[in-house]
Protein chains: 2
Amino acid sequence: MTSSPTPLSEYSETEQQIFDAALHVFAREGRHGARMQAIADAADINKAMLHYYFEDKETLYEEVFTYTVERFMASFGASLREASTFENTLRAFIDGYIEFVRSDEAAMRLMIQENLAGGDLLGAHLREATNAGDAPPQILVETIASAVDAGEIRAVDPQHTVLSVVSTCLFFFVARPTVQIMHPAAEDDWGAFVEARKDHLFDLIYHGLAP
Amino acid sequence: MTSSPTPLSEYSETEQQIFDAALHVFAREGRHGARMQAIADAADINKAMLHYYFEDKETLYEEVFTYTVERFMASFGASLREASTFENTLRAFIDGYIEFVRSDEAAMRLMIQENLAGGDLLGAHLREATNAGDAPPQILVETIASAVDAGEIRAVDPQHTVLSVVSTCLFFFVARPTVQIMHPAAEDDWGAFVEARKDHLFDLIYHGLAP
DNA sequence: ATGACGGTTAACCATTTGGTTGAACCAGGC
DNA sequence: GCCTGGTTCAACCAAATGGTTAACCGTCAT
């Protein structure tokens with residue numbers, strides 16, 4: 001279920017094990033809470049190997065985080081290809097974005113950890129991308145703005161709307177333990193619950209935007 | 001802006017300082033990432049005082065967390081008093097819930113930290129409350145179910161709907177650093193942004209539920 | 001064979017961190 | 001004054017943690 005985060009191809013096998021393990025431990029314990037020994041254990045290697053492949057904890061974190069944030073931003077746009085109707089676009093985005101997060105929950109948790117801890121490193125990356133013009137959600141914002149202009153949907157604020165869509169797609173992953181206690185269905189079969197959630201979210205938001 | 005989390009009244013002043021500081025540090029760095037020295041610094045006291053008032057790190061965390069989770073659950077129901085129309089109820093809940101989180105963001109961050117870390121302690125508290133019948137969101141679920149039965153809103157799944165409402169109310173706080181980079185308005189005046197968000201969320205969800 | 005080299009390991013070191021201690025401080029009651 | 005109780009602090013200690021080292025493989029070119 002929790003797949004490997006498809007690290008860089010130029011990495012050796014051991015490097016990928018470390019990378020993978022570090023992502024999961026950092027995602028769970030946070031930048032400072034994570035212990036090098038825990039990462040070594042998760043990667044099933046000797047602690048010294050961590051420093052052989054990555055200089056120190058800080059460097060390891062930065063490499064893992066940088067790679068994760070880039071993958072995250074790429075996934076944003078990837079879910080938006082081929083826009084026919086706005087209805088199809090919204091459906092494709094919700095499905096695609098949720099599918100991406102499901103395939104690598106640890107990546108998302110790491111992003112949230114950064115936010116909780118102040119998001120300094122995150123800020124640097126995002127500002128860079130934003131200035132370069134390829135800020136991830138900008139595409140969706142424009143899609144919604146166009147739909148508003150074309151009269152396809154009500155005159156909502158595109159920025160706020162995108163934030164709402166993203167919120168609903170991500171939050172139930174963030175609070176997964178809580179959700180699984182509250183919703184018996186989510187506890188029994190998480191996969192089915194995620195599918196049901198895609199349908200519900202599209203239905204709710206599409207009706208919320210309809211004229 | 002970041003108000004004090006109104007600790008238990010039976011606490012002495014020093015105890016409250018510690019409690020308050022611990023909440024903020026745990027919320028930012030997580031259960032294991034938090035350093036006792038950091039908490040002592042934030043509380044502006046000597047490190048030995050922490051152990052004078054609270055046995056050890058684990059106990060301190062548990063007391064802070066227990067108190068936080070209880071306050072959180074109470075706030076859930078508190079936002080639902082006096083339901084006339086469903087429209088008013090929804091509006092009151094969104095406003096009240098967001099206002100509660102705004103008044104104590106650290107409490108919410110602590111809850112999210114617990115979720116990211118697996119939520120074992122959280123699970124114990126929630127299951128207890130759920131079995132006792134006073135599970136926080138149960139009231140909202142029933143309100144929505146009634147509205148569906150009365151034909152006030154479309155035939156949506158109440159459980160999923162509540163999760164969606166809560167997602168949108170909480171997520172922009174969780175990802176506040178990211179949101180502030182993406183939305184210039186949120187960076188300039190967070191308070192005004194939160195207000196705008198209340199309006200937007202009510203508008204989006206109310207239309208999403210309307211028949 | 002051998003030696004150079006990437007990879008791997010256990011043992012080790014220095015610093016940080018959680019936690020303790022004994023003395024000092026500071027009321028209020030006698 | 002001086003005792004007593006709760007409170008506060010600097011210094012201290014043992015364990016945990018990040019990071020290093022020197023030796024040890026295995027293998028491949030010479």
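Each chain gets a letter, A, B and so on, in the order its sequence line appears, and its residues count up from 1.
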Colleague: Could you check which of D/dT8, D/dT20, C/dT8 has an atom nearest any side-chain atom of B/Tyr53?
Modeller: D/dT8
Colleague: Enumerate, atom names and distances included, each donor-acceptor pair closer than 3.5 Å involving a side-chain atom of residues 178-185 of chain B, sequence neighbours excluded.
Modeller:
| unit_1 | atom_1 | unit_2 | atom_2 | d |
| --- | --- | --- | --- | --- |
| B/Thr178 | OG1 | A/Asn115 | OD1 | 2.8 |
| B/Thr178 | OG1 | A/Asn115 | ND2 | 3.2 |
| B/Gln180 | NE2 | B/Ala186 | O | 3.3 |

Colleague: Between B/Met36 (CE) and D/dA14 (P), how many Å, whole number?
Modeller: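 After rounding, the reported distance stands at 20 Å.
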Colleague: For a quick check of understanding: with a heavy-atom distance under 4.0 Å over all strands, which category does B/Ala40 fall into, base, sugar-phosphate or nothing?
Modeller: nothing
Colleague: Tell me which nucleotide among C/dG18, C/dT8, D/dG19 gets nearest to the side chain of B/Lys57.
Modeller: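 Output: C/dG18.
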Colleague: Side-chain atoms of residues 27-34 of chain A: list all donor-acceptor pairs with protein atoms under 3.5 Å, sequence neighbours left out, distances to 0.1 Å.
Modeller:
| unit_1 | atom_1 | unit_2 | atom_2 | d |
| --- | --- | --- | --- | --- |
| A/Arg28 | NH2 | B/Ala117 | O | 2.9 |
| A/Glu29 | OE1 | B/His32 | ND1 | 2.9 |
| A/Arg31 | NE | A/Glu58 | OE2 | 3.3 |
| A/Arg31 | NH2 | A/Glu58 | OE2 | 2.6 |
| A/His32 | ND1 | B/Glu29 | OE1 | 2.9 |

Colleague: Whole angstroms only, please: what is the CG-C1' distance between B/Leu60 and C/dT17?
Modeller: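 So the two atoms are 15 Å apart, to the nearest Å.
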Colleague: Any donor-acceptor pair under 3.5 Å linking the side-chain atoms of B/Arg197 with those of A/Ser164?
Modeller: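 A pair is found: one side chain offers a donor N or O, the other an acceptor, under 3.5 Å apart.
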Colleague: In whole angstroms, how far is the P atom of D/dG19 from the CD atom of A/Glu55?
Modeller: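 In whole Å, D/dG19 P lies 9 Å from A/Glu55 CD.
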Colleague: Base, sugar-phosphate alone, or nothing: which one does B/Ala34 contact when heavy atoms must sit under 4.0 Å apart?
Modeller: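 Sugar-phosphate contact only - B/Ala34 comes under 4.0 Å of backbone atoms but never of a base.
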Colleague: Starting at atom CZ of B/Phe54, determine the distance to atom C1' of C/dG18, rounded to an integer number of angstrom.
Modeller: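 Nearest whole value for this atom pair: 16 Å.
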Colleague: Not counting sequence neighbours, which residues clear salt bridge (charged side-chain N to carboxylate O under 4.0 Å, His left out) with A/Glu70? List them please.
Modeller: none
Colleague: Tell me the ring-ring contact (aromatic ring centres under 6.0 Å, His included) pairs involving residues 90-119 of chain B, sequence neighbours left out?
Modeller: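 Matches after skipping sequence neighbours: B/Phe72-B/Phe100, B/Phe76-B/Phe93, B/Phe76-B/Tyr97, B/Phe93-B/Tyr97.
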Colleague: Whole angstroms only, please: what is the CZ-P distance between A/Arg31 and D/dG18?
Modeller: 14 Å
Colleague: Using a 4.0 Å heavy-atom cut-off to protein, can you give one letter per nucleotide of nucleotides 9-16 of chain C, 5' to 3': B if the base is in contact, S if only the sugar-phosphate is, - if neither?
Modeller: BB------
Colleague: What integer distance in Å separates A/Asp41:CG from D/dA16:C1'?
Modeller: 14 Å
Colleague: B/Asp203: which residues meet the side chain to side chain contact (heavy atoms under 4.5 Å, CB included) condition with it, sequence neighbours left out?
Modeller: A/Arg154, A/Val156, B/His207
Colleague: Taking only side-chain nitrogens and oxygens of B/Thr14, does any of them come within less than 4.0 Å of OP1 or OP2 of D/dT8?
Modeller: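 So the side chain of B/Thr14 is within the cut-off, an N or O lying under 4.0 Å from OP1 or OP2 of D/dT8.
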Colleague: In whole Å, I'd like the distance from the NE2 atom of B/His32 to the C1' atom of C/dG18.
Modeller: 13 Å
Colleague: Look at the side chain of B/His200 and the backbone N and O of A/His160, then say whether any donor-acceptor pair between them is shorter than 3.5 Å.
Modeller: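 Yes, B/His200 side chain to A/His160 backbone: donor-acceptor pair under 3.5 Å.
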Colleague: Rounded to the nearest angstrom, tell me the gap between atom OH in A/Tyr52 and atom P in D/dA23.
Modeller: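 To the nearest whole Å, that distance equals 18 Å.
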